[in-house]
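Worksheet: one structure, shown below.
From a predicted model like this one, the values you see are computed outputs, not experimental measurements.
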Amino acid sequence: MRRPVLLVVAHGSRDPRHAATVHALVRRVRSLRPGLRVETGFLDFNVPSVKGVLESLDTEGVRDVVALPLLLTRAFHAKADIPAVLAQAPPRLRIRQAEVLGPSPLLVSALERRLYEAGLTPADKSSTGVVLASAGSSDPEAIAVIAAIAREWRHTGWCAVRPAFASASLPRTEQAVRELRALGCARVAVAPYVLAPGFLPDRIARGAAGADVLADVLGPAPEVARVLLERYDEARVPLLAAVGA
């Protein structure tokens, strides 16, 4: 039996950098798993739409799909928006929604990769405070996950790690930068916990004006691509079992 198609479900943005980054990440996923069919659909702003991709797959005769939310936390889009779109898919499709990407140790590794690419070294960790800057959410579960990642990351040797949010929650990035300065960290770095450029990542960057280092978004980091494949594999097993594979 053929492997289920992996449908990466991205939010979409008016900012062209967003779609370009999503497509770069999908290309890396394909390079890591040759032979796996990977498609991309957007919830808004960009094409193809998730609905359009699903209809095309159905027309081709595809029957099994793993829909993977390109999200770092399980909030409104994962709990409501994406299930609603998938529920409108052609009835012949068997679709399983995979878990969101985070939390994962691989994503923390990707965050560190971006910090080192921005100029830090492992020797800087003990004297550097890090702002873990996420897009933000009104969902308490999502906020708790970001706080937990910050606490755990602190134990890997950084001077301190503080969560911050670009919207919906506090503190903002600039507030967290000031807190780390007051704490006595010799330098402050901002690590955007976001997948692609856009409006909220730009807000994070503006809030990082008082920091010493601003890392890039996670984007098509190899660790992120590996997490996508992990989530795909976790979802495809029960899907195949359900059809007797």
Side-chain angles (χ1 to χ4, degrees), residues 1-11 21-43 50 53-54 57-58 62-90 92-113 132 134-135 137 139-149 152-153 193-196 217-245:
M1 181 178 178
R2 292 181 179 178
R3 288 179 289 185
V5 171
L6 169 56
L7 172 58
V8 176
V9 180
H11 183 272
T21 301
V22 170
H23 291 311
L25 175 58
V26 169
R27 286 194 297 271
R28 187 177 288 274
V29 171
R30 291 185 181 125
S31 73
L32 292 177
R33 186 77 58 92
L36 172 63
R37 182 171 178 180
V38 187
E39 299 290 342
T40 308
F42 295 90
L43 293 174
V50 175
V53 173
L54 291 172
L57 292 174
D58 177 63
V62 171
R63 291 296 168 259
D64 297 304
V65 177
V66 170
L68 195 157
L70 198 59
L71 302 168
L72 294 172
T73 57
R74 182 172 164 75
F76 181 79
H77 293 306
K79 294 177 179 179
D81 281 355
I82 294 175
V85 172
L86 298 181
Q88 299 171 18
R92 290 178 297 184
L93 288 176
R94 292 182 290 264
I95 304 174
R96 185 170 184 86
Q97 181 175 327
E99 291 296 329
V100 298
L101 303 184
S104 167
L106 284 170
L107 294 177
V108 176
S109 296
L111 287 167
E112 295 210 359
R113 169 191 291 274
L132 178 66
S134 76
S137 172
D139 189 306
E141 178 185 349
I143 298 304
V145 166
I146 299 300
I149 294 171
E152 293 173 12
W153 199 15
Y193 190 58
V194 293
L195 288 166
V217 299
L218 295 174
E223 296 88 351
V224 178
R226 287 168 57 195
V227 176
L228 262 73
L229 289 172
E230 283 187 357
R231 297 293 180 257
Y232 169 78
D233 290 336
E234 292 164 359
R236 70 185 287 262
V237 172
L239 177 60
L240 293 178
V243 297

* Salt bridge between Glu234 and Arg231, side-chain N to carboxylate O under 4.0 Å? -> yes
Can you tell me how far the [atom1] atom of [X] sits from the [atom2] atom of [Y], to the nearest 0.5 Å?
{"X": "His11", "Y": "Leu70", "atom1": "NE2", "atom2": "CG", "answer": "11.5 Å"}
{"X": "Leu57", "Y": "Asp64", "atom1": "CG", "atom2": "CG", "answer": "11.0 Å"}
{"X": "Ser104", "Y": "Glu99", "atom1": "OG", "atom2": "CD", "answer": "12.5 Å"}
{"X": "Leu6", "Y": "Glu39", "atom1": "CG", "atom2": "CD", "answer": "9.0 Å"}

Please check: side-chain N/O of [X] versus main-chain N/O of [Y], any donor-acceptor pairing under 3.5 Å?
{"X": "Arg236", "Y": "Arg3", "answer": "no"}
{"X": "Arg28", "Y": "Ala225", "answer": "no"}
{"X": "Thr73", "Y": "Ala75", "answer": "no"}
{"X": "Glu223", "Y": "Leu218", "answer": "no"}
{"X": "Tyr232", "Y": "Pro4", "answer": "yes"}

* **Option passing side-chain contact (heavy atoms from CB on, under 4.5 Å) with Thr40 (candidates Val22, Val53, Val29, Leu7)** => Val22
* Looking at Leu195, Ile146, Val100, which hits side-chain contact (heavy atoms from CB on, under 4.5 Å) with Leu72? -> Leu195
* Is the distance between the ring centroids of Phe42 and His23 under 6.0 Å? -> yes
* To do: Test side chain to side chain contact (heavy atoms under 4.5 Å, CB included) on Arg37 and Val62 and set out the steps.
  => CA-CA 11 Å; Arg37 182 171 178 180; Val62 171; 4.0 Å; yes
Report yes if the side chains of [X] and [Y] come closer than 4.5 Å at any heavy-atom pair, otherwise no.
{"X": "Lys79", "Y": "Glu141", "result": "yes"}
{"X": "Gln97", "Y": "Pro83", "result": "yes"}
{"X": "Phe76", "Y": "Asp139", "result": "no"}
{"X": "Leu54", "Y": "Asp58", "result": "no"}
{"X": "Leu228", "Y": "Leu101", "result": "yes"}
{"X": "Val108", "Y": "Glu152", "result": "no"}

